[in-house]
Amino acid sequence: MSNQISADSSTSSMWGGRFSEATDSFVAEFTASVGFDQRFANQDIAGSIAHATMLAKAGIITEAEKDQIVGGLTQIKQEIADGKFVWSVALEDVHMNVESRLTAIIGDVGKKLHTGRSRNDQVATDIRLYLRDQTDIILGLLKRLQTGLLDLASEHTDTIMPGFTHLQTAQPVSFGHHVMAWFEMLMRDSERLIDGRKRINQMPLGAAALAGTTYPIEREFTAQLLGFEGICQNSLDAVSDRDFAIEFASSASLLMMHLSRMSEEIILWMSAQFGFVVVPDRFCTGSSIMPQKKNPDVPELVRGKAARVFGDMITLLTLMKNQPLAYNKDNQEDKEPLFDVVDTVTGSLLAFADMLPNLIPNKENMRAATMKGYATATDLADYLVRKGLAFRDAHEVVGKAVALGVQKGVDLSELSLDELQGFSDLIGEDVFEYLTLEGSLNARNHIGGTAPNQVKMAIERGRQRIEQLGH
């Protein structure tokens, strides 16, 4: 898209009939949105082609006039794609730039395009078309990332690592099980975006400035041409509603929060203190002074970019909270934070879709870390409960066994049978089957558990679920 922007204030404004003096050049630049809303050009042209087609069907313009308008708009779309279109600040926004160029190409017939609509319902339509397109792109990237996570998890259903609470070793889990937790986060994000898309995909065009139009327009036909699922039912609400954009930003904030949590884990796991994973070099940088450093720049940036998206959502909420019906110029400020949300989420997903499936777990370090934290203590307590001891009593017995292990510097599985039986005569030789890491994993054999066969089934269900989403 062209960045050629002219500040020529001599261009006649499309709304200039009401005013007795020219807009000051500073005010023109201050109030102009063309510097950023030209991003809507393709959606604006698509909406205009549909509108012109409807006007002809309704007999408001002739078929010949419609053909001229559509031909001119198609030429403008190509000029923009070729970088030849010159944007004018004096014409304020993408809509007036396109309409002015259309009139220059086909003459006064171009002025008929705006019959039965306003810039208010036009921009509301453009935003919805744009956000619908971007939602579909983001959903595609999410599916790509989720598929990569499923592939990674399938390679490591038996790879043992410590599960944490309070960042302290809690119980053994498989690395595949942990990756599937990430998958579940992203699954909810996909579902939210798909659900929100239904509310994005409602057509405001036909609401005109705020009260509708006196022309015999056919909104259902226009909605069908543009692929909208429904039509905004109230003209006042149609031009002033930005709930759908805030909802998108909210869903995007939750998605970025999830990516930030994943980033935090990767950053910790990459450190020498953990040494759990290796991240490919292309996602990292070195230090300008310390030659040994390999810095996790991509996950750190994503963690930081989450804050931007949170801020954009708050900006949109604050922008809308005190606006009376209907449209107000304040709404021009909705686009830049919305664009930033789209760009930030898209970039973060692109990076993660390449990075996460290529993580290489260090199996030895993960296993050694699991052994250090008495991760099978709960398994010993469960063993005693199955032998008939009340859980609270079993908890006390295991606590004493852990204290002995700490004193001797060994894991529970490394204590002798005599030592363990010193805490409870219910403990038999079979106890060591439950104190191994593999035994701990296999014992959690239910839906949602970390048993390797359950993780494998969860992966297969995950593949089916992302296909059923339809995006």
Hey, are the side chains of Leu186 and Leu259 touching, using non-hydrogen atoms and a 4.5 Å cut-off?
yes
Pair Arg463 + Asp151: basic N to acidic O under 4.0 Å
yes
Can you classify the ring geometry of His156 versus Phe175 as parallel (below 30°), tilted (30 to 60°) or perpendicular (above 60°)?
perpendicular
Quick one: do Lys456 and Glu155 make a salt bridge, cutoff under 4.0 Å?
no
Taking Glu438 first and then Arg367, would you say they form a salt bridge - that is, a charged N and a carboxylate O separated by under 4.0 Å?
yes
Under 3.5 Å, is there a donor-acceptor pair linking the side chains of Gln454 and Asn445?
yes
For the pair Arg192 and Asp195, find out whether any cationic side-chain nitrogen is under 4.0 Å from an anionic carboxylate oxygen.
no
Audit row: His177, Trp182, ring pair (Phe, Tyr, Trp, His ring centres under 6.0 Å) steps and yes/no:
CA-CA 9 Å; His177 190 59; Trp182 292 350; over 10 Å; no
Any ion pair linking Asp379 and Arg444 (charged N to carboxylate O, less than 4.0 Å)?
yes
Side-chain contact test, heavy atoms from C-beta onward, threshold under 4.5 Å: evaluate it for Gln202 versus Ile231 and give yes or no.
no
Heavy-atom closest pair, residues Ile80 and Ala41
CD1-CB, 3.7 Å
Say whether, by atom type as modelled, one donor and one acceptor occur between the side chain of Thr157 and the main chain of Pro452 under 3.5 angstrom.
no
Could Arg39 and Phe339 be counted as a cation-pi pair, given that NZ or CZ must be under 6.0 Å from the ring centre and within 45° of the axis?
yes
Flag the pair Ser190 / Ile466 as yes when at least one side-chain heavy-atom distance between them is below 4.5 Å, and no otherwise.
no
Can a salt bridge be assigned to the pair Asp340 and Lys305 using a cut-off of 4.0 Å between side-chain N and carboxylate O?
no
Would you call Arg197 and Glu229 a salt bridge, using N to O less than 4.0 angstrom?
yes
Search all heavy atoms of Thr370 against all heavy atoms of Ile160 and return the closest pair with its distance.
OG1-CG2, 4.0 Å
Beyond-backbone contact of Pro162 with Gln171, side-chain heavy atoms, under 4.5 angstrom:
no
Can you measure from CD1 (Ile246) to CG (Asp312) and round to the nearest 0.5 angstrom?
12.0 Å
Arg128 to Phe244 six-membered ring, cation-pi geometry met (6.0 Å, 45°)
yes
Is any side-chain heavy atom of Leu141 closer than 4.5 Å to one of Phe352?
no
Could you report the tightest heavy-atom contact between Ala209 and Asn120, atom names first, then the distance?
O-ND2, 3.0 Å
In the structure I gave you, are the side-chain heavy atoms of Pro204 and Gln122 within less than 4.5 Å of one another anywhere?
no
Taking C-beta and beyond as the side chain, do Phe40 and Leu129 meet within less than 4.5 Å on heavy atoms?
no
Glu184 and side-chain contact (heavy atoms from CB on, under 4.5 Å): which single residue from Gln146, Arg465, His258 fits?
Arg465
Do the non-hydrogen side-chain atoms of Asp82 and Gln78 ever get within less than 4.5 Å of each other?
yes
